[in-house]
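Read through the structure below, which is laid out as C-alpha cells, and then see the notes.
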2 protein chains.
Amino acid sequence: MRKQEEVINAERAMVGTNVAGRMAGEDRRNQIVHVAMRLFSERGFRGTTTKEIARAAGVSEAIIFRHFATKEELYAAILDTKSCAGNMSQLSEMFAEAVKRGDDRAVFESVALTMLQHHEEDEDFLRLLLYSALEGHELFQMFWQRNVRELADFLRSYVRERQKAGALREMEPRLVGRAFTGMILHQSLINNLFDKSRTLLDITNERAAREFTKILLYGTVSSSAPEAEVKKRNETATRKR
Amino acid sequence: MRKQEEVINAERAMVGTNVAGRMAGEDRRNQIVHVAMRLFSERGFRGTTTKEIARAAGVSEAIIFRHFATKEELYAAILDTKSCAGNMSQLSEMFAEAVKRGDDRAVFESVALTMLQHHEEDEDFLRLLLYSALEGHELFQMFWQRNVRELADFLRSYVRERQKAGALREMEPRLVGRAFTGMILHQSLINNLFDKSRTLLDITNERAAREFTKILLYGTVSSSAPEAEVKKRNETATRKR
DNA sequence: ATGTGGTAAGTAAGTGCTTACTTTTAATCA
DNA sequence: TGATTAAAAGTAAGCACTTACTTACCACAT
C-alpha cells in the first residue's frame, strides 16, 4: 500500500516534469525546489521572481506559496537537497586507503580531482555559493560549513599528521590546505564562471589536479622524508654537482 | 579661471556630500558614481535601486537620470573610476628591479602582497568583480581583463623567462601562475568575504604572501638551478644520508 | 533671460504574496 | 462496486508596494 503509493507518485513525478499534469504534493514540492535552485543560481535570490519560478515549473504562482510560506523558505529548502549531494563528509572515507598508505600524491590528487569534477558536474553549486555569500544569506554559512570547511579541516589534520611523521615540511597546516583549496577553487571559477566559453580548450581536470598536487607536494615535502619525489630530486641535484 | 573653477568645484563637492547643496555637474556625477559603486558592490546591480542611490547621494532620483541615461550607464561609469585605481598594468614596472635581479622570491612575494593589500583596501573590488561575473555583465570582461588577466600574463611570461634561464622547473607556466593567483584570491575571498568577522585573528597579509611564495617556489624551483633554497635543501638532504 | 542644477509627482510594468474559487484524488461506506 | 466526501492540488485575478524612468516645473548664478 505504502509502496504502491510511492511508485505511483514517482511515475507521476516523471510525467509531471514534462507534461505539467497534476502531481502529488511532495513531488511537486521537489520539482519546485529543483527549478528554483537552477534559477537562483543563475540570477541570485533577489534577481529571481516567484513568477519566473512558477512559470518554469509549469504551475501558477500561488501553488509555490502553498508549498513554501515565503520565497526565503523556498530558498532555504535548497540546502536540504544540495547539501546531501555535495557533502564532503565522506572525504576521509573516500580517500581512506590513500591516507592510510600515507600516499600524499594520491590523497591530494584525489581531493583535487573530486572537487574539480564536482564543480563541473554541479553547475549551480559555485554560483549558489557565491551568490549566497554576496547577498549575505544565512544559507551561505551552512554551504561553507558543509562543503568547504570540512575539506579544509580534513586537509589540515592530514597535513599535521604527515608533518608529525616527518613527511611534510613544517608549515602552518591551515595555510597549506588553504593554498591547495585556493588553486582548485580558482581553476573551477575560471572554467565554470569566468571563462566558461573556452573550457574545452583549457586544461583537463586530471591534468590540473596532477599539476597542482605537484606544486603543493614539491612545496611541502620535507627534505628529510624518504619520499620518492624527494629522492629523485636529490639524486638529480647530487648528480648535477 | 580654469583652476579657480576647479577649486570651487572641489569645495562644493566636499560640502555637497554632507549638506547636499548645489554642486557643479561633474562633481555631482562623480559623487553619484562613488555612491553607486559602494551600493552596487554591496547588493549587486539588480539588488540596488536607483532610489537608494539617490537617497545615499542626497539628491532626488531624477537627477541620477539627468547624469546617466540608464541605470546600466551608471554601472558602466564605475569602470572608468575603478580601473584606474586598480589597474595592474604597472606591475612589470613596480617589480622591475626584482625581475631584473631574477629574485623569484621577491617577485612573487611582492605580487602576492600587492594583491592581498589591494583586495583589503578596496573592499568594493572583489564584490563588484564577483557580482558582475555572476550577473553576466559585460563590465566583468573588462574588470577581468584589466585586473586579473594582466597579472596572469605577467606571471606567465615571467615564469617562462625564468624557465628558459633554467631557474624554474619545467611546468606549464599558465598553471603555475594560475595556482599562485588562486592561492592569493582564495585568501582574499576568505578574509574579505567569506569569513570577514575573524580577519584579525587570521594570518597577516605579509605572512600569507611569504608562505604562498614559499610553497610555489619550493614547488617550481628547478633542481638544477643554483638557487639558495635548493642549495639549502640539498645540503640538508645530503647530510641526512 | 538663459542655461544649469535641482525637485515633486508622476508613469507603466513589475514585486512578493493573498484571496476566492474550481478540479482532482483517494479513502470511506451503503 | 460505485456513489460520497473531505482534503489536497490547482487557478485567475488582484492586493499593496516597488521598480526604472519621465514629466513639468523651479531657483539661481552668470
Separation of [N] [atom2] from [X] [atom1] (nearest whole Å):
{"X": "Y75(B)", "N": "dC21(D)", "atom1": "OH", "atom2": "C1'", "value": "20 Å"}
{"X": "E52(A)", "N": "dG14(C)", "atom1": "CD", "atom2": "C1'", "value": "11 Å"}
{"X": "I63(A)", "N": "dC21(C)", "atom1": "CD1", "atom2": "P", "value": "21 Å"}
{"X": "I64(A)", "N": "dA9(D)", "atom1": "CD1", "atom2": "P", "value": "15 Å"}
{"X": "R28(A)", "N": "dA7(D)", "atom1": "CZ", "atom2": "C1'", "value": "18 Å"}
{"X": "K51(B)", "N": "dT11(C)", "atom1": "NZ", "atom2": "C1'", "value": "12 Å"}
{"X": "E72(A)", "N": "dT15(C)", "atom1": "CD", "atom2": "C1'", "value": "14 Å"}
{"X": "I53(A)", "N": "dG16(C)", "atom1": "CD1", "atom2": "P", "value": "8 Å"}

Reference residue E120(A); test side-chain hydrogen bond (donor to acceptor under 3.5 Å, both in side chains); the match among N191(A), N192(A), N205(A): N205(A)

Base, sugar-phosphate alone, or nothing: which one does S60(B) contact when heavy atoms must sit under 4.0 Å apart? base

Using 4.0 Å as the upper bound for N to carboxylate O, is an ion pair formed by [Y] and [X]?
{"X": "D124(B)", "Y": "R127(B)", "value": "no"}
{"X": "R146(A)", "Y": "E150(A)", "value": "no"}
{"X": "R43(B)", "Y": "E52(B)", "value": "yes"}
{"X": "E123(A)", "Y": "R38(A)", "value": "no"}

In terms of relative ring orientation, are F154(A) and F95(A) parallel, tilted or perpendicular, with 30° and 60° separating the classes? tilted

Would you indicate whether the side-chain heavy atoms of M183(B) and R178(A) approach each other to under 4.5 Å? no

Kindly write out the residues that satisfy salt bridge (Lys or Arg N to Asp or Glu O under 4.0 Å) with E138(A), not counting sequence neighbours, or none if the list is empty. none

Please give the angle, rounded to 10 degrees, between the axes at the start and the end of the helix from dA1(C)-dT30(D) to dA30(C)-dT1(D), where five pairs define each axis. 10°

Check step by step if ring pair (Phe, Tyr, Trp, His ring centres under 6.0 Å) holds for F194(B) and F140(A). CA-CA 9 Å; F194(B) 296 156; F140(A) 167 75; 5.3 Å; yes

Taking only N/O atoms, report every protein-nucleotides 22-25 of chain D pair under 3.5 Å with atom names and distance.
none

